[in-house]
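Please read these numbers as outputs of a predicted model, since none were measured by experiment. Residue numbers start from 1 in every chain, and the chains themselves are labelled A, B, ... in the order their sequence lines are given, proteins ahead of strands.
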Amino acid sequence: MGEPLLSVRDLVKTFPGRRSRAGRAGAPIRAVDGVSFDLGAGETLGLVGESGCGKSTTGRMIVRLLDPTSGTVTFDGTEIGGLSQAQLRPHRRHLQMVFQDPYSSLNPRQTVARIISEPLLVQGTGAADARKRAAELMELVGLIPEHLDRYPHEFSGGQAQRIGIARSLATSPRLVIADEPVSALDVSIQAQVVNLMEQLQRELGLAYVFIAHDLSVVKRVCDRVAVMYLGRIVEIGDKAEVYGRPAHPYTKALLSAVPLPDPAAERARERIVLLGDPPSPANPPAGCGFHPRCPKAQEVCRTERPLLRIVGAGGAASGGAAAGGRQAACHFPEE
Amino acid sequence: MTLLDVKDLRVAFDTPRGTVRAVDGISFTVEAGRTLGLVGESGSGKSVTSLAVMGLHRGAAVSGSIKLDGQELTGLGERELGVVRGRRIAMIFQDPLSSLHPFYTVGEQIAEHYRVHFRAGRKAGRARAVEMLAEVGIPEPARRVDEYPHQFSGGMRQRVMIAMALACEPELLIADEPTTALDVTVQAQILDLIARIQQERGLGVVMITHDLGVVARVAHEVLVMYGGRAAEQAPVDRLFAQPAHPYTRGLLDSLPRLDDADDAPLRAIPGSPPSLIAPAPGCSFAPRCARTIAASAEEHARCLAERPALDPLGTGHWAACHLPMVPSSGKAL
């Protein structure tokens with residue numbers, strides 16, 4: 001990888017804790033606690049983890065729907081994490097987002113033409129040109145351009161998600177943050193949208209940050225994958241390595257928990273069932289955040305927070321995470 | 001032993017836009033100690049089927065037969081149904097938080113059914129609640145029995161729901177997407193819990209889900225629903241190894257899989273699910289079906305015009321398809 005398109009360093013987001021009834025503020029919640037990664041042009045990084053792990057918050061900070069508490073987001077050589085919204089506007093066209101729920105992310109009182117052309121109008125394109133472009137985009141995502149003047153409720157869930165994708169592509173972005181783009185869709189429709197996103201990536205050279213809890217979908221679409229737990233990346237690396245030989249015990253447990261659509265394989269496989277629930281980011285455990293559920297936890301895991309470091313052969317030689325090597329934050333990684 | 005025997009169940013709702021045939025002639029059985037997986041996408045009628053079994057279909061026209069241990073449930077009055085519901089058939093839902101009352105402790109809610117059905121006092125009810133919380137694996141049950149639903153995590157709430165459902169020792173448990181709202185590591189715990197309790201008690205289970213992975217893990221028999229009808233019915237191994245209905249095949253092909261070696265594009269099913277208001281006369285999957293499109297003109301016309309019957313294709317295996325992918329064994333159901 002040459003100069004990365006997107007470079008995220010030590011990204012942190014804390015939210016104020018919930019006030020008690022007496023009016024005292026609770027401890028701040030560190031939703032994202034020091035996330036760093038690079039993404040090259042035309043690449044896909046999968047961001048996976050369970051609810052509350054900070055994957056959506058990370059995505060929202062990259063497009064600046066949320067302001068980072070600290071850390072930097074460098075997009076195409078410019079540090080955008082600290083820009084004002086006005087300074088950010090010229091960069092916005094290259095940086096777009098697709099949301100999980102197609103209906104709640106589309107204004108029900110606007111026509112599809114208006115929804116798709118909105119980003120263009122904001123960027124100063126004339127109304128007639130924007131409408132023409134909207135029709136092209138409809139076609140690009142597999143919808144009928146004649147339906148431009150319909151409203152979101154006239155489309156099915158899969159079609160509505162295509163509208164969301166069309167909107168995100170209106171300004172010809174280089175990076176799309178897709179936050180659970182297919183998890184609200186039925187299986188047969190999900191495959192259509194996954195295929196569409198892959199096809200658009202090939203045709204337009206898009207880079208994706210693909211945020212999802214479904215590990216099977218992420219495996220399909222991404223080149224590299226980052227596994228998050230409690231606001232931190234616990235493992236990051238090439239898809240084949242992370243899925244094939246997970247180094248972090250959490251990654252291993254997560255993969256083994258996914259039910260396979262194959263009864264014989266299901267009966268035969270070794271499964272690691274984790275105890276308990278993911279802990280609350282309001283009250284994270286000391287040391288390694290995963291230690292209370294970890295089958296391999298030792299004394300050091302309870303006291304000392306493990307940092308991401310290179311694991312496995314080839315990682316060191318290829319120069320670390322920035323160059324696509326695999327890293328895990330564990331005192332006792334599977335080598 | 002056949003615990004639940006459903007025959008030709010039909011559920012229709014009158015809406016301003018017309019009659020919605022949510023369930024249009026479904027038959028299945030559930031044996032004690034076995035799990036039937038009811039699979040389908042949104043709007044396929046799987047949840048409506050389960051609500052009809054529970055007698056919870058408000059304002060819908062229901063016909064057909066639902067027999068529990070030989071006793072006919074359709075046509076029972078609210079009072080008689082009350083004896084069955086909760087006591088002999090219990091149900092758990094997708095979202096435990098909206099199924100639990102926020103103002104009552106979990107102990108009171110678990111005990112409520114038990115006290116009604118067994119005419120037990122407050123003290124006996126509480127003891128039963130503690131016992132049930134322990135059985136579903138909640139630590140410190142004697143303390144947590146007095147806590148409120150918001151004090152439990154998502155996975156723990158689903159355990160509370162299971163404790164509540166099983167407090168009266170029902171024979172049949174209907175689980176409607178019980179793990180869909182849960183994280184995958186917690187889902188594994190809940191599925192294991194249901195399987196353990198099923199083994200211990202010989203419980204019949206209907207597992208309603210859209211997740212074919214969950215079906216592969218827990219089900220013994222599977223019923224695949226499409227557009228309110230049964231598309232295919234088979235023992236679980238057979239269904240996954242030799243699906244006969246092009247819809248089942250399509251679902252399996254469209255799934256991204258963890259154990260796939262290669263990353264070829266997913267084979268999506270084109271189009272969207274059918275309308276239930278004015279169903280087409282023929283096979284409801286025909287407009288999306290690759291086999292229909294590839295068929296001869298004569299066969300093609302038949303798929304569009306004639307509704308396929310559920311044909312037997314081997315032991316316990318049926319498919320409603322004019323062009324099944326497994327040869328028909330020739331005998332009608």
Peer 1: Would you compute the distance between atom CG of B:L266 and atom CG of A:L196 and round it to the nearest 0.5 angstrom?
Peer 2: 12.0 Å

Peer 1: Quick check on the interface: out of A:G52, A:P263, A:A264, who has the most heavy-atom pairs with chain B under 4.5 Å?
Peer 2: A:P263

Peer 1: Do A:E266 and B:V236 have side chains that approach each other closer than 4.5 Å (heavy atoms only, starting at C-beta)?
Peer 2: no

Peer 1: Using a cut-off of under 4.5 Å for heavy-atom pairs, which of B:L239, B:V214, B:V184, B:L212 has the most such pairs with chain A?
Peer 2: B:V184

Peer 1: A:Q190 versus chain B, heavy atoms under 4.5 Å apart: side chain, backbone, both or neither?
Peer 2: side chain

Peer 1: About how many Å separate CD of A:Q192 and OG of B:S254, when rounded to the nearest 0.5 Å?
Peer 2: 9.0 Å

Peer 1: Under 6.0 Å from the CG atom of B:L97, do we count more than 12 heavy atoms belonging to anything else shown?
Peer 2: yes

Peer 1: Quick one: what part of A:V217 sits under 4.5 Å from any heavy atom of chain B, side chain, backbone, both or neither?
Peer 2: both

Peer 1: Between B:L258 and A:K219, is any pair of side-chain heavy atoms under 4.5 Å apart?
Peer 2: yes

Peer 1: In terms of heavy-atom pairs under 4.5 Å, which option from B:R257, B:R267, B:R288 contacts chain A the most?
Peer 2: B:R257

Peer 1: Name the region of A:S156, side chain, backbone, both or neither, that has any atom closer than 4.5 Å to a heavy atom of chain B.
Peer 2: side chain

Peer 1: Answer yes if the side chains of B:E41 and A:S188 hold a donor-acceptor pair under 3.5 Å, and no otherwise.
Peer 2: yes

Peer 1: If you tally heavy-atom pairs under 4.5 Å against chain A, which of B:G155, B:S272, B:G271 wins?
Peer 2: B:G271

Peer 1: Output the option from A:G276, A:G158, A:A265 having the highest count of non-hydrogen pairs under 4.5 Å with chain B.
Peer 2: A:G276

Peer 1: Taking every non-hydrogen pair under 4.5 Å, which of A:L215, A:N195, A:V193 racks up the most with chain B?
Peer 2: A:N195

Peer 1: B:V186 versus A:P278: any side-chain heavy-atom pair under 4.5 Å?
Peer 2: yes

Peer 1: Among residues 253-262 of chain A, which ones touch chain B with a heavy-atom distance under 4.5 Å?
Peer 2: A:L254, A:L255, A:S256, A:A257, A:V258, A:P259, A:L260, A:P261, A:D262

Peer 1: Report the distance from atom OG of B:S44 to atom CG of A:D186, rounding to the nearest 0.5 Å.
Peer 2: 8.0 Å

Peer 1: Got more than 12 heavy atoms from elsewhere within 6.0 Å of CD, A:Q199?
Peer 2: yes

Peer 1: Counting heavy atoms not belonging to A:E203, are there more than 12 under 6.0 Å from its CD?
Peer 2: yes

Peer 1: Roughly how far apart are B:R217 CZ and A:R267 CZ, rounded to 0.5 Å?
Peer 2: 12.5 Å

Peer 1: Side chain from CB out, backbone as N, CA, C, O: work out which of these in B:D192 comes under 4.5 Å of a heavy atom of chain A, or both, or neither.
Peer 2: side chain

Peer 1: Verify, without hydrogens or angle tests, whether B:Q189 (side chain) and A:L274 (backbone) share a donor-acceptor contact under 3.5 angstrom.
Peer 2: yes

Peer 1: With sequence neighbours excluded, what pairs up with B:E177 under the side-chain contact (heavy atoms from CB on, under 4.5 Å) test?
Peer 2: B:K46, B:Q94, B:T180, B:T209, B:H210

Peer 1: Might you confirm whether atom CZ of B:R21 has over 12 heavy atoms from other residues, nucleotides or ligands at distances under 6.0 Å?
Peer 2: no

Peer 1: Strictly distance-based, threshold 3.5 Å: is any side-chain N or O of B:D183 a donor or acceptor partner for the main-chain N or O of A:E50?
Peer 2: no

